[in-house]
Amino acid sequence: IAYDEKLKALAACLPTGTHLQVVEALALHTGLEVFQHFESKVLPTGGEGLVVRHASGIIYKVKPEISLDAAVIGYTVKADQPQACRSLLLGLRTADGVYVVVGACGNLGDDAQRSAWFARLQPLSVTSQIRRASDSGGLYQFVQPKFVGEFTLTDLQGELSDGSRPVAQTATFGESGWVRAGSMPSA
């Protein structure tokens with residue numbers, strides 16, 4: 001079945017007057033046309049991105065790039081290399097000095113770069129009232145927030161499947177280390 005026929009069949013199955021609807025589908029023929037549509041229609045409206053279906057059947061997602069400057073507030077180590085970082089825990093500092101835990105980054109480069117991160121961060125280890133596990137189950141070792149990095153992402157989760165907003169953990173850093181400050185809506 002041709003894609004345009006699938007769209008018509010899907011639209012016919014959806015009830016009218018609900019929040020469910022078939023999204024607009026356009027026939028664009030060149031990469032330049034896709035780029036121009038993305039620049040003129042998606043970015044100005046804050047859209048999530050585009051789904052591009054190639055005639056060969058390959059499907060691409062085209063999303064805006066988001067850049068954040070975040071503090072490194074913790075790290076985990078690799079199980080097989082305890083002197084190398086596996087991932088970094090990131091936080092955004094608010095104007096009143098509270099850090100919002102926004103996520104983690106495991107894309108730290110090769111083994112030498114992971115070892116260099118460990119050498120930088122391990123001496124900055126501090127006590128923490130907060131326990132946070134990584135996706136692999138390792139606990140983050142919290143550190144003094146001395147390093148800020150620029151991190152690039154393509155998604156912010158602004159809504160959960162039930163329609164509610166995600167909640168982010170917040171913390172403060174001081175002489176006694178990291179202290180839980182509560183939580184706040186994220187994204």
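Computed from a prediction, not measured in an experiment: that's the story for all the values here. Only heavy atoms go into these numbers, but all of them, side chains included; no hydrogens, no water, no symmetry mates.
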Report whether [X] and [Y] are members of the same hydrophobic cluster (ILVMFWY, side-chain heavy atoms less than 4.5 Å apart, transitive linking).
X	Y	answer
Val51	Leu20	no
Tyr99	Met184	no
Leu28	Ile58	yes
Leu50	Leu43	yes
Phe142	Phe173	yes

Determine whether a donor-acceptor pair (N or O, by modelled atom type, separation under 3.5 Å) exists between the side chain of [X] and the backbone of [Y].
X	Y	value
Glu33	His29	yes
Trp178	Val143	yes
Ser40	Gln36	yes
Arg114	Arg86	yes
Thr172	Val98	no
Ser128	Gln141	no

Full working for side-chain contact (heavy atoms from CB on, under 4.5 Å) between Leu88 and Ile73 | CA-CA 7 Å; Leu88 304 179; Ile73 61 173; over 6 Å; no
Nearest 0.5 angstrom please: [X] [atom1] to [Y] [atom2], how far?
X	Y	atom1	atom2	value
His37	Leu32	NE2	CG	13.5 Å
Gln169	Ile130	CD	CD1	5.0 Å
Ser87	Tyr140	OG	OH	3.0 Å
Thr94	Leu92	OG1	CG	9.5 Å
Lys8	Leu10	NZ	CG	13.5 Å

Using only heavy-atom distances, determine whether the side chains of Gln83 and Ser115 contain a donor-acceptor pair under 3.5 Å.
->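 Result is no, nothing qualifies.
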Determine, stepwise, if the pair Phe118 / Tyr75 fulfils side-chain contact (heavy atoms from CB on, under 4.5 Å).
-> CA-CA 8 Å; Phe118 179 83; Tyr75 69 91; 3.9 Å; yes
Student check: side-chain heavy atoms of [X] and [Y] closer than 4.5 Å:
X	Y	answer
Val52	Ile59	no
Cys85	Leu121	yes
Leu89	Val72	no

On a heavy-atom basis, which atom in [X] and which in [Y] lie closest, and how many Å separate them?
X	Y	answer
Gln113	Leu108	CB-O, 3.4 Å
Phe38	Lys63	CZ-C, 3.6 Å
Arg120	Phe147	CD-CZ, 3.7 Å
Leu7	Ala25	CD1-CB, 3.3 Å
Leu90	Ala70	CB-CB, 4.0 Å
Thr76	Gly138	CG2-O, 3.9 Å

Verify side-chain contact (heavy atoms from CB on, under 4.5 Å) between Phe151 and Asp69, making sure each step is shown before the conclusion.
-> CA-CA 6 Å; Phe151 298 88; Asp69 290 337; over 6 Å; no
Residues which pass side-chain hydrogen bond (donor to acceptor under 3.5 Å, both in side chains) with Ser134, listed by chain and number, not counting sequence neighbours =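 Testing Ser134 for side-chain hydrogen bond (donor to acceptor under 3.5 Å, both in side chains), a comparison that skips the adjacent residues, returns Ser136.
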What do you reckon, is [atom1] of [X] surrounded by more than 12 foreign heavy atoms closer than 6.0 Å?
X	atom1	value
Glu48	CD	no
Asn107	CG	no
Asp110	CG	yes

Would Asp111 and Gln81 satisfy side-chain contact (heavy atoms from CB on, under 4.5 Å), going step by step from the backbone distance to the final call?
-> CA-CA 9 Å; Asp111 286 344; Gln81 295 174 311; 3.4 Å; yes
